[in-house]
Amino acid sequence: MTLMFLAKLLAFLLLTQAAPPIEKFILKNFQKTLVLISKNFDNDKLTSILHLHCPKLIVQPKNTPNLELFNNYLIIEQNATTLSSSINMLKHKINKRGYFLVMFLQDAREDETKSAFETLWRSYIHNIVIYINWSSLVTWYPYKFKNRCGTIINPVRVQSSNPYKNKIPKVLNGCSFNVTWDELPLALKNPFNKSDPGFSIRVLDTVGEAIKANVIYLEQNVKSSAGLNNMDAAWKNELLQRSIDLTFLTSGIFGPVGPEFELSVSYFQTYIFFVLPPRRKITSSTNTLVVFSTEIWSLIITTVVLMTILWKVLTRRSFKWCFFQILKLMLQVPIQRIPSSTLMRIVFVFFFIYAANLNWIYVSELSSILSKPSYEPKISTVEELALSGKKLRFLDIWDKYFQDNKFQKTILDKKIHIPHTQISFNDELNSFVSTLDHGMINSNIRINFFKNSEKLHVVGEDKIITLHWYFLVRKGFPFLEKINHVLLKITESGLMSKWLYESQITATKITIPDYEDVEGFLDIDRIFCVFVLLGVGLSVSMVVFIFERTCKK
């Protein structure tokens with residue numbers, strides 16, 4: 001193994017010493033697969049480069065596949081103008097944080113070299129070395145003090161062994177990046193109000209302090225930048241054309257956000273669910289028929305049948321006679337004759353105690369129902385909500401989260417249309433509280449906008465979605481890795497809880513009004529069903545009496 005390693009090392013040194021400067025540079029810095037990109041590979045000067053002893057992938061800009069998995073790129077173009085054209089085709093298909101070597105087939109003046117650096121800088125490509133005039137390698141360090149955060153281009157000859165090292169500094173020393181924002185309750189209030197800007201603003205300010213960056217919040221912002229995957233074409237174009245570096249995004253799914261953008265790690269998450277008005281108190285006159293559950297009534301009927309069979313075995317009387325005897329005991333009607341045998345008396349006593357206790361329980365439950373109001377049934381799942389008669393009111397952006405739900409149509413049929421002029425969260429809250437006739441979509445942090453949120457009826461067992469909070473940056477943003485590092489420290493430190501609390505205590509809270517109390521006394525409405533049952537019983541008794549008298553004649 002040692003001899004093999006030494007042989008490879010010797011071969012590498014020989015190649016390095018014998019090769020021209022450009023080949024030496026490639027052999028030294030690009031050990032892994034090298035992606036060669038050019039509109040034309042027919043130039044004779046490229047013959048030696050194309051036969052370098054390193055893995056290569058040869059592509060043309062207009063037919064370039066997705067090359068994001070690679071780290072080493074060699075771009076060969078005629079001049080700075082054709083380079084700009086190629087970069088426009090490549091910029092969303094390559095790993096912009098990789099190492100780039102650019103070659104011009106034509107001799108390049110100083111202003112053309114600066115133009116090439118500027119073209120790559122605008123596309124967030126920073127790790128660049130340019131081989132000019134087939135004689136020298138030049139690079140540019142945009143974050144050095146004399147280059148004023150990339151506003152002044154001063155190309156220098158490559159002298160270090162690794163010119164790609166420290167292109168992106170650990171801290172920015174006051175260099176800035178532009179941030180657009182859109183007002184969002186609790187999270188994004190006002191970045192210019194340092195006492196209460198919102199918890200997302202505090203997160204970004206802390207990130208800026210950690211990497212010593214000047215975070216510039218724009219005053220003319222892209223609307224809906226904090227929306228739920230609201231990645232429409234107009235919004236994308238404005239972010240790109242205005243060179244906006246960062247914005248805020250909340251999304252239910254971590255995934256691609258288009259070839260032009262990237263996401264940071266998630267720094268916060270919220271749970272979205274339905275909230276209904278407080279359950280109303282209702283009178284219980286219709287519930288007198290269901291004092292016992294179906295299971296209890298089934299058990300009672302089973303007991304009567306078994307006791308009838310046992311009584312028949314003990315007395316050897318007819319089944320009809322035994323059934324009515326047991327029925328009399330159940331209804332606590334006196335029977336004609338007490339059993340004479342000891343066994344029958346024991347059975348009689350135990351069953352009488354059972355029937356008496358059952359009657360007492362029924363009477364107490366019935367009186368409780370008649371005198372004490374109950375509440376509307378509790379709704380715990382989206383399925384129960386879909387089957388209920390509750391109306392719902394929410395914005396159209398939530399519709400897509402019901403696409404895979406089997407109750408999608410039912411839920412959307414219950415939806416109350418919201419006018420486009422009334423889409424703010426405060427409008428939603430005020431409409432909800434003023435009418436209390438529909439449900440709304442809320443979250444575990446926004447529910448704190450209610451002063452007495454414990455009164456709400458939360459459909460808590462089924463969450464609509466879990467929303468994650470990210471920073472959205474343009475693809476290739478050089479400080480994304482550093483931002484992610486700081487975000488992980490923030491989430492681990494517990495600062496989010498502190499900032500969330502500070503955002504909540506200053507928020508204006510709405511009180512949920514009480515419904516009109518339902519008094520707890522007996523009236524004709526609540527015992528109406530009892531009179532109905534009494535009337536039915538008396539009517540049946542009269543019919544039986546008339547039938548018996550008629551049959552006797």
Heavy-atom side-chain proximity of Pro61 to Ile37 below 4.5 angstrom: yes
Give a yes/no verdict on a cation-pi contact between Arg446 and Phe425, requiring under 6.0 Å between NZ or CZ and the six-membered ring centre and an angle within 45° of the axis. yes
Between Glu384 and Lys390, does the salt bridge (Lys or Arg N to Asp or Glu O under 4.0 Å) criterion hold? Intermediate values first, please. CA-CA 10 Å; Glu384 293 174 357; Lys390 299 290 184 181; over 6 Å; no
Which is it for Tyr164 and Val129 under the side chain to side chain contact (heavy atoms under 4.5 Å, CB included) test, yes or no, and what are the steps along the way? CA-CA 8 Å; Tyr164 298 107; Val129 172; 3.8 Å; yes
Okay, side chain of Glu492, backbone of Lys489: is any donor-acceptor separation there less than 3.5 Å? no
Please work out which of the three classes, parallel, tilted or perpendicular, describes the rings of His126 and Tyr143, given edges at 30° and 60°. parallel
I need the Phe273 CZ to Ile464 CD1 distance, nearest 0.5 Å. 9.0 Å
Donor-acceptor check, side chain of Ser84 to backbone of Thr81, threshold 3.5 angstrom: yes or no? no
Evaluation steps, side chain to side chain contact (heavy atoms under 4.5 Å, CB included), between Val35 and Leu74: CA-CA 6 Å; Val35 180; Leu74 171 58; over 6 Å; no
What I want to check is whether the side chains of Gln269 and Thr466 have a donor and an acceptor closer together than 3.5 Å. no
Between Thr491 (side chain) and Leu487 (backbone), is there a donor-acceptor pair under 3.5 Å? yes
Report yes if some heavy atom in the side chain of Leu392 is under 4.5 Å from a heavy atom in the side chain of Ile416; otherwise report no. no
Taking only residues two or more places apart in sequence, or in another chain, which ones meet Gln504 in a side chain to side chain contact (heavy atoms under 4.5 Å, CB included)? Leu186, Ile445, Asn448, Leu500
Apply side chain to side chain contact (heavy atoms under 4.5 Å, CB included) to residues Gln78 and Phe104 and explain how you reach the verdict. CA-CA 5 Å; Gln78 293 290 332; Phe104 292 140; over 6 Å; no
Flag, side chain of Ser431 to backbone of Glu428, donor-acceptor distance under 3.5 Å: no
For the residue pair Phe471 and Ile483, establish whether any side-chain heavy-atom pair is separated by less than 4.5 Å. yes
Hey, are the side chains of Thr64 and Leu67 touching, using non-hydrogen atoms and a 4.5 Å cut-off? yes
Quick check: are there more than 12 heavy atoms from other residues, nucleotides or ligands sitting under 6.0 Å from NZ of Lys144? no
I need the Ile441 CD1 to Arg393 CZ distance, nearest 0.5 Å. 12.0 Å
What distance do Ile465 atom CD1 and Thr250 atom OG1 have between them, rounded to the nearest 0.5 Å? 11.5 Å
Under the 6.0 Å and 45° cation-pi test, does Lys463 pair with Tyr271? yes
Under 3.5 Å, is there a donor-acceptor pair between the side chain of Ser123 and the main chain of Ile125? no
Are the side chains of Ile94 and Glu68 in touch, meaning some heavy atoms are under 4.5 Å apart? no
Where the side chain of Asn95 meets the backbone of Arg97, is there a donor-acceptor pair that is under 3.5 Å apart? yes
Taking the six-membered ring for Trp, are Phe477 and Phe177 ring centroids under 6.0 Å apart? yes
Kindly give the heavy-atom pair with the smallest separation between Asn484 and Val265, and that separation in Å. OD1-N, 2.9 Å
Do any N or O atoms from the side chain of Asn221 and from the backbone of Asp182 form a donor-acceptor pair under 3.5 angstrom? no
Compute whether any side-chain donor of one residue and acceptor of the other, for Asn154 and Asn147, lie under 3.5 angstrom apart. yes
Counting N and O atoms only, with roles assigned by atom type, does the side chain of Glu262 sit under 3.5 Å from a partner on the main chain of Gly476, one being a donor and the other an acceptor? yes
Got a second to check how far Tyr470's OH is from Ser266's OG, nearest 0.5 Å? 5.0 Å
Is the shortest heavy-atom distance from the side chain of Ile272 to the side chain of Trp398 under 4.5 Å? yes
Give the intermediate values and the outcome of side chain to side chain contact (heavy atoms under 4.5 Å, CB included) for residues Phe394 and Met440. CA-CA 6 Å; Phe394 53 89; Met440 67 176 296; over 6 Å; no
Would you name the heavy atoms of Trp121 and Cys149 that are closest together and state the gap between them? CZ2-O, 3.7 Å
Are more than 12 heavy atoms from other residues, nucleotides or ligands located less than 6.0 Å from atom CZ of Phe145? no
Quick check: Tyr99 with Tyr73 (ring centres under 6.0 Å apart)? no
Check side-chain hydrogen bond (donor to acceptor under 3.5 Å, both in side chains) between Tyr124 and all other residues, then give those that pass, not counting sequence neighbours. Asp245
Can you find a heavy atom in the side chain of Pro163 that is under 4.5 Å from one in the side chain of Tyr141? yes
For residues 196-207, run the donor-acceptor check on the side chains, cut-off 3.5 Å, and write out each pair with its distance to 0.1 Å, sequence neighbours left out.
{"unit_1": "Asp196", "atom_1": "OD1", "unit_2": "Lys189", "atom_2": "NZ", "d": "3.3"}
{"unit_1": "Asp196", "atom_1": "OD2", "unit_2": "Lys189", "atom_2": "NZ", "d": "2.9"}
{"unit_1": "Asp196", "atom_1": "OD2", "unit_2": "Thr506", "atom_2": "OG1", "d": "2.6"}
{"unit_1": "Ser200", "atom_1": "OG", "unit_2": "Tyr267", "atom_2": "OH", "d": "2.7"}
{"unit_1": "Arg202", "atom_1": "NE", "unit_2": "Glu502", "atom_2": "OE1", "d": "3.4"}
{"unit_1": "Arg202", "atom_1": "NH2", "unit_2": "Ser195", "atom_2": "O", "d": "2.8"}
{"unit_1": "Asp205", "atom_1": "OD1", "unit_2": "Tyr217", "atom_2": "OH", "d": "2.7"}
{"unit_1": "Thr206", "atom_1": "OG1", "unit_2": "Arg202", "atom_2": "O", "d": "2.8"}

Check: Thr247 side chain, Thr180 main-chain N or O, donor-acceptor pair, under 3.5 Å: yes
Verify whether one side chain among Lys167 and Thr139 offers a donor that lies under 3.5 Å from an acceptor in the other. yes
Counting neighbours of CD on Gln106 that are heavy atoms of other residues, nucleotides or ligands and sit closer than 6.0 Å, is the number greater than 12? yes
Value for CG (Leu246) from CG (Asn178), rounded to nearest 0.5 Å, stands at 10.0 Å
Just wondering, more than 12 heavy atoms not from Lys509 lying within 6.0 Å of its NZ? yes
For Met89 against Lys39, the heavy-atom pair lying closest together: CE-CE, 4.4 Å
Contact summary for Lys91 and Lys96, nearest pair of heavy atoms: O-CE, 2.6 Å
Where is the tightest heavy-atom contact between Ser453 and Ile447, given as atom of each residue plus distance? CB-O, 3.6 Å
Taking C-beta and beyond as the side chain, do Val138 and Thr113 meet within less than 4.5 Å on heavy atoms? yes
Tell me if the NZ atom of Lys194 is crowded by more than 12 foreign heavy atoms within 6.0 Å. yes
Cation-pi between Lys114 and Phe117: NZ/CZ under 6.0 Å from ring centre and within 45° of the ring axis? no
Closest heavy-atom contact between Leu172 and Ala213? CD2-CB, 3.9 Å
Rounded to the nearest 0.5 Å, the OG atom of Ser251 sits from the CG atom of Leu263 at a distance of 7.5 Å
Side-chain donor or acceptor of Asn133 paired with backbone N/O of Ser136 under 3.5 Å: no
